[in-house]
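Reading through the structure tokens given below for one structure.
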Amino acid sequence: PQSLTQTMFPRHVQHQVAVEANPETEEDVEVLGKHTTVAKAARTQLLTAVRQDDAPRVLTFVADGTSLELMGEALRIAAYRGSASVVRELVSVGLSVNVGDPHTGFAPLQLAAATGHLAVSELLLDALADVQRSVDGATAAMLARKMGHLDVEYILEQHMAALLLEE
């Protein structure tokens with residue numbers, strides 16, 4: 001196993017992985033600090049691309065192997081902001097549409113419904129978003145109704161009715 005790792009990864013990558021597991025020297029702590037700074041910068045750049053509805057730039061982060069956790073955050077922000085092109089691309093690469101925010105629990109469909117983004121809600125439903133998902137009793141349809149987005153509430157209720165007919 002050791003020789004396979006040495007063959008597959010350059011020496012500086014091996015060192016960084018070892019340091020992250022157990023920092024022992026000042027140099028190791030410095031390497032960790034640089035890694036953290038790079039990760040924060042990448043997060044900022046990704047979320048800026050999402051806010052600008054820059055789907056091609058978001059896809060470069062996918063191609064670069066950005067973590068699923070961060071891509072999930074990007075999907076939730078895109079759903080909340082109504083960035084249909086970003087949502088479409090993130091869904092097309094297979095990102096789960098049912099992962100909730102670690103703090104609020106809201107999934108992308110609930111965020112899109114609460115903010116009245118019809119096109120994004122439809123994209124998420126097409127990607128098999130759980131229309132019945134509830135956070136503290138609030139489904140996407142309830143959130144849409146509460147916020148006055150009757151068009152979104154209507155398509156969510158239509159989707160739920162279609163699911164019931166299938167059963």
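Numbers here simply count residues along the sequence, with the first being 1. Keep in mind that this is a model prediction, so the values were computed, not measured.
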If you compare all heavy atoms of Ala113 against all heavy atoms of Ala140, which two are closest, and at what distance to 0.1 Å? CB-O, 3.4 Å
Would Tyr80 end up clustered with Met71 when hydrophobic side chains under 4.5 Å apart are linked, directly or stepwise? no
Least distance between heavy atoms, Ala74 atom then Leu46 atom: CB-CD2, 4.1 Å
Verify the neighbour count for atom CG of Leu68: are there more than 12 heavy atoms of other residues, nucleotides or ligands below 6.0 Å? no
Determine, using the 4.5 Å side-chain heavy-atom cutoff (strictly less than), whether Leu163 and Ile155 are members of one ILVMFWY cluster. yes
Identify the two heavy atoms, one from Thr115 and one from Ala79, that lie closest to each other, and give their separation to 0.1 Å. OG1-O, 4.0 Å
Which heavy atom of Arg76 sits nearest to which heavy atom of Pro108, and what is that distance? CG-CG, 3.8 Å
Quick one: do Arg145 and Glu157 make a salt bridge, cutoff under 4.0 Å? yes
Between Met142 and Thr139, is any pair of side-chain heavy atoms under 4.5 Å apart? yes
Taking C-beta and beyond as the side chain, do His117 and His149 meet within less than 4.5 Å on heavy atoms? no
From Thr48 OG1 over to Asp54 CG, what is the distance, rounded to the nearest 0.5 angstrom? 10.5 Å
The reported gap from CE in Met160 to CG in Leu125 (rounded to nearest 0.5 angstrom) is 9.5 Å
Phe61 side chain reached by Gln45 side chain, heavy atoms, under 4.5 Å: yes
If you draw a 6.0 Å radius around CG in Asp136, do more than 12 non-hydrogen atoms from other residues or ligands fall strictly inside? no
Straight-line distance of Glu73 CD to Asp101 CG, nearest 0.5 Å: 7.5 Å
Measure from the side-chain N and O atoms of Thr66 to the backbone N and O of Val62, and report whether any donor-acceptor pair falls under 3.5 Å. no
Could you walk me through whether Leu109 and Asn98 pass side chain to side chain contact (heavy atoms under 4.5 Å, CB included), step by step? CA-CA 8 Å; Leu109 182 60; Asn98 291 311; over 6 Å; no
Is Phe106 reachable from Leu123 through a run of hydrophobic residues whose side-chain heavy atoms are each under 4.5 Å from the next? no
The reported gap from CD in Gln110 to CG in Leu124 (rounded to nearest 0.5 angstrom) is 11.0 Å
From CD (Gln52) to CG (Leu47), nearest 0.5 Å: 11.0 Å
Of Val97, Val50, Leu70, the one forming a side-chain contact (heavy atoms from CB on, under 4.5 Å) with Leu75 is Val97
Any link between Val87 and Leu59 through a network of hydrophobic side chains (Ile, Leu, Val, Met, Phe, Trp, Tyr) touching at under 4.5 Å? yes
How long is the straight-line distance from CG of Leu156 back to CG of Leu143, given to the nearest 0.5 Å? 9.5 Å
Given side chains that start at C-beta, do those of Glu122 and Leu118 come closer than 4.5 Å, heavy atoms only? yes
Are Val99 and Val120 connected in the hydrophobic side-chain network, where two residues link if heavy atoms are under 4.5 Å apart? no
